[in-house]
Amino acid sequence: MNYSLVQTDLFGNVIPSNHNLKFCLKMHYAEKAGLHYDLRLQVPELGAKSTGQAIAKSFAIKNGPSLNLHHKPLAILMPDHKVSAFRREGTILKGTGVGSVLHFDEGYFTIPGCQNHKEVYEAFHKGFENGRLTIFFTGYKLKGEFHFYRKTSGRFSQWIIQKANDAFATEENILLKNQSILTGHTLQYYTDMFYKQKQIINKLPANDLAAFLRKNEDWSFRHKKAMMPDLDLGLLKTAA
């Protein structure tokens, strides 16, 4: 298989092109859903079909992806996300997925065998529609070819994600490399932050809560020092 479309420089960094698209992998602790991993793939756009706002297909993987070709983790298709939000990590205090998020991995992906942008576009959308998609990842942790198989249809369809038998297949557990590639923090760092922020919110009068949340972003959720004398301000900073 020819993977020459994923070009790297002398330091091994991927050189972006319109043939390889962005991906990210989040480690996400949600109060309702528990610990899981969010894999997001930039959706290729072509010519007049471009919306001007890059979006990503998102999969929630309960047990996380694996480089072990014998593992077949289950993934659930989730609503699309914006590519512009790929590098956010920190806490979510309102909306969907309330909890903590860590930027576990990022990089580029391509469709094996495609020679130009049009072929990548057609192969991705055809494979996604047919429920059979093969993707080659070049990330810090997620590497090599993976097969995506759809098990069920519908808005929240179920997929199997299996590592292909290539040079990157290994029994090494990449999920043990559990630090953010942006900050070096662990998910526990942001989870502790999340519960401390919740304590602050719970002390607010009910009629002040809506206005208070509107003034703070979901992810970074910054507070004035006067509101949290017992909380280190540095704990509230994120890499978003």
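All values below come from the heavy atoms of this structure, side chains included, with hydrogens, waters and symmetry mates left out.
Side-chain N or O atoms of His103 include none that pairs as donor or acceptor with a backbone N or O of Ile181 at under 3.5 Å. The backbone N or O of Gly97 sits nowhere less than 3.5 Å from a side-chain atom of Lys32 that would complete a donor-acceptor pair. Proximity of a side-chain donor or acceptor of Lys26 to a complementary backbone N or O of Arg88 within less than 3.5 Å is detected. The closest donor-acceptor contact from the side chain of Asp192 to the backbone of Tyr195 lies at 3.5 Å or more, if one exists at all. Proximity of a side-chain donor or acceptor of Thr152 to a complementary backbone N or O of Ser157 within less than 3.5 Å is not detected. Looking at Asp105, its side chain does come within 3.5 Å of a backbone N or O of Leu142 through a donor-acceptor pair. Asn130 places no side-chain N or O within 3.5 Å of a backbone atom of Arg132 that could act as its donor or acceptor partner.
Classification of the Tyr149-His147 ring pair by plane angle, with boundaries at 30° and 60°, yields tilted. Classification of the Phe148-Trp159 ring pair by plane angle, with boundaries at 30° and 60°, yields perpendicular.
Residues forming a salt bridge (Lys or Arg N to Asp or Glu O under 4.0 Å) with Glu172 (at least two apart in sequence, or on another chain): Lys177. Scored by the side chain to side chain contact (heavy atoms under 4.5 Å, CB included) test, Val83 finds Lys22, Gln42, Ala54, Ala56, Phe86 as partners (sequence neighbours excluded).
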Requested in this report: With side chain to side chain contact (heavy atoms under 4.5 Å, CB included) as the test, would you mind laying out the steps for Ile161 and Ile61 before giving the verdict?
Outcome: CA-CA 9 Å; Ile161 301 178; Ile61 312 172; 3.8 Å; yes
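Contact between Phe104 and Leu175 at its shortest, heavy atoms only, is CZ-CA, 3.9 Å. Closest approach of Arg150 to Phe128, counting heavy atoms only: NH1-O, 2.9 Å. Here the closest heavy-atom approach between residue Pro112 and residue Thr134 is recorded as CD-O, 3.5 Å. Closest approach of His36 to Ala60, counting heavy atoms only: CD2-CB, 4.0 Å. Nearest heavy-atom pair across His71 and Gln162 is O-CG, 3.7 Å. Closest heavy-atom contact between Glu145 and Asp166: N-OD2, 2.9 Å.
Pro44 has its side chain within reach of His125: a pair of non-hydrogen atoms, C-beta onward, lies under 4.5 Å apart.
For Glu89 and Tyr190, the side-chain atoms include at least one donor-acceptor pair closer than 3.5 Å. Using a 3.5 Å distance cut-off with no hydrogens or angles, the side chains of Thr186 and Gln179 do not pair a donor with an acceptor.
Here the CZ atom belonging to Phe146 is positioned 10.0 Å from the CG atom belonging to Leu69, to the nearest 0.5 angstrom.
Between Phe23 and Phe137, a ring centre-to-centre spacing shorter than 6.0 Å is recorded.
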